[in-house]
Amino acid sequence: MTKERMEVQRTIPSDASAIFRVLCDPQGHVAIDSSGMLMDATGDPVRAVGDTFVVHMDREALNDYPLGLYDVTVSITAFEQDREIAWTIFGNLKPDIGHVYGYRLEPVEDGTLVTSYYDWSNIDQTWRDAEIFPIIPESALRATLGVLARSVGRGYPRASS
């Protein structure tokens with residue numbers, strides 16, 4: 001059977017609530033992106049399943065598919081405060097792809113064990129037949145955890161004045 005999910009983990013020396021704030025913030029997604037594709041975001045921090053925000057993308061950062069600049073809507077599919085957040089994306093490509101990105105947070109002695117996951121087990125058959133998954137490598141998930149650790153360690157997001 002083909003692997004249809006990947007997970008990477010890293011212990012981040014911060015509490016889960018600080019990490020979760022970044023993951024709920026549309027601008028936090030832009031801040032921790034290791035691919036260079038996320039250029040900006042529009043919308044409020046998410047608080048529940050079904051909440052959405054828009055991310056302004058630039059696929060040319062990867063130079064793999066000629067999509068140029070485009071927008072996707074991030075739709076939250078799992079939300080447990082300070083424990084788990086996951087989402088799928090909707091964009092111009094049809095049928096909708098159906099892949100899911102997410103994070104699980106678990107308090108540990110040295111901070112928070114963060115698991116980043118990417119699951120394409122429920123993608124539409126059209127995309128399965130295209131044999132393009134995974135569309136991001138495991139190294140990108142791992143790098144994003146590093147950027148997340150750095151961002152939280154430096155105090156992102158800053159408290160509103």
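Note that the structure is a prediction, hence the values are computed from the model and not measured.
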Let me see the working for Ile76 and Ile85 under side chain to side chain contact (heavy atoms under 4.5 Å, CB included), right down to the final yes or no.
-> CA-CA 7 Å; Ile76 303 303; Ile85 186 169; 4.1 Å; yes
Stepwise side chain to side chain contact (heavy atoms under 4.5 Å, CB included) check, Leu38 with Met57 = CA-CA 5 Å; Leu38 281 66; Met57 307 285 290; 3.9 Å; yes
Exercise: identify the closest heavy-atom pair between Asp82 and Ser17 | OD1-CA, 3.3 Å
Pairwise side-chain contact, Leu141 with Tyr118, heavy-atom cut-off 4.5 Å (strictly under) | yes
Is the number of heavy atoms from other residues, nucleotides or ligands within 6.0 Å of CG (Asn92) greater than 12?
-> no
Contacts of Tyr117 meeting side chain to side chain donor-acceptor pair (under 3.5 Å) (sequence neighbours excluded), chain-then-number -> Glu84
Let me see the working for Val114 and Thr11 under side chain to side chain contact (heavy atoms under 4.5 Å, CB included), right down to the final yes or no.
-> CA-CA 6 Å; Val114 181; Thr11 298; over 6 Å; no
Considering all heavy atoms of both residues, which atom of Ala16 and which atom of Thr112 are nearest to each other, and what is their separation?
-> N-OG1, 3.1 Å
Quick one: CG on Asp44 to CG on Asp51, what's the gap to the nearest 0.5 Å?
-> 9.0 Å
What distance do Phe53 atom CZ and Thr73 atom OG1 have between them, rounded to the nearest 0.5 Å?
-> 9.5 Å
Rounded to the nearest 0.5 Å, what separation is found between the NZ atom of Lys3 and the OG atom of Ser121?
-> 12.5 Å
If you group Ile, Leu, Val, Met, Phe, Trp and Tyr by side-chain heavy-atom gaps below 4.5 Å, do Ile136 and Val74 land in one group?
-> yes
Can you find a pair of side-chain heavy atoms, one from Ser151 and one from Ile32, that are under 4.5 Å apart?
-> yes
List the atom of Pro26, the atom of Gly43, and the distance in Å for their closest heavy-atom pair.
-> CG-O, 3.5 Å
Walk me through it: do His56 and Tyr70 pass the test ring-ring contact (aromatic ring centres under 6.0 Å, His included)?
-> CA-CA 6 Å; His56 311 292; Tyr70 61 101; over 10 Å; no
Pair His99, Thr88: side-chain N/O donor-acceptor within cut-off below 3.5 Å | no
Please round to the nearest 0.5 Å and tell me the distance separating atom OG of Ser116 and atom CG of Leu148.
-> 9.0 Å
Could you tell me the separation between the CG atom of Asp119 and the CD atom of Glu7, rounded to the nearest 0.5 Å?
-> 8.5 Å
Are any of the side-chain nitrogens in Arg104 or Glu106 under 4.0 Å away from the carboxylate oxygens of its partner?
-> no
Have Gln27 and Asp40 got a donor and an acceptor in their side chains that come within less than 3.5 Å?
-> yes
Tyr156 side chain vs Gly28 backbone, donor-acceptor pair below 3.5 Å = yes
Sub-4.5 Å side-chain heavy-atom contact between Pro107 and Arg83 | yes
Counting only N and O atoms by type, is there a donor-acceptor contact under 3.5 Å from the side chain of Asn122 to the main-chain atoms of Gly98?
-> no
Aromatic ring pairing Phe79/Phe20, orientation class (parallel under 30°, perpendicular over 60°, tilted between) | perpendicular
Can you find a heavy atom in the side chain of Met6 that is under 4.5 Å from one in the side chain of Pro134?
-> yes
Rounded to the nearest 0.5 Å, how far apart are OH of Tyr103 and CG of Leu145?
-> 6.0 Å
Are Trp127 and Ile89 co-members of a hydrophobic cluster defined by side-chain heavy atoms under 4.5 Å apart?
-> yes
Between the side chain of Ser35 and the main-chain N/O of Met37, is any donor-acceptor distance below 3.5 Å?
-> yes
Using distance alone, with no hydrogens and no angle criterion, decide if Gln9 and Thr115 have a side-chain donor and acceptor under 3.5 Å apart.
-> yes
Go through the structure and list residues passing salt bridge (charged side-chain N to carboxylate O under 4.0 Å, His left out) with Arg142, not counting sequence neighbours.
-> Glu138
Heavy-atom pair of closest approach, residues Ile19 and Ser14 | CD1-O, 4.0 Å
Short side-chain to backbone donor-acceptor contact, Ser34 and Ala143, under 3.5 Å = no
More than 12 non-hydrogen atoms from neighbouring residues, nucleotides or ligands closer than 6.0 Å to CD on Glu131, yes or no?
-> no
Please confirm whether the backbone N or O of Arg128 pairs with a side-chain atom of Asp124, one donor and one acceptor, at under 3.5 Å?
-> no
With the side chain counted from C-beta on, respond yes when Phe90 and Thr52 share a heavy-atom pair under 4.5 Å apart, and no when they do not.
-> no
Between Ala149 and Arg10, what is the shortest heavy-atom contact and its length?
-> CB-NE, 3.8 Å
Leu105, Leu113: one ILVMFWY side-chain cluster at the under-4.5 Å cut-off?
-> no
Consider only side-chain heavy atoms of I, L, V, M, F, W and Y, link residues closer than 4.5 Å, and tell whether Val147 and Ile12 are in one cluster.
-> yes
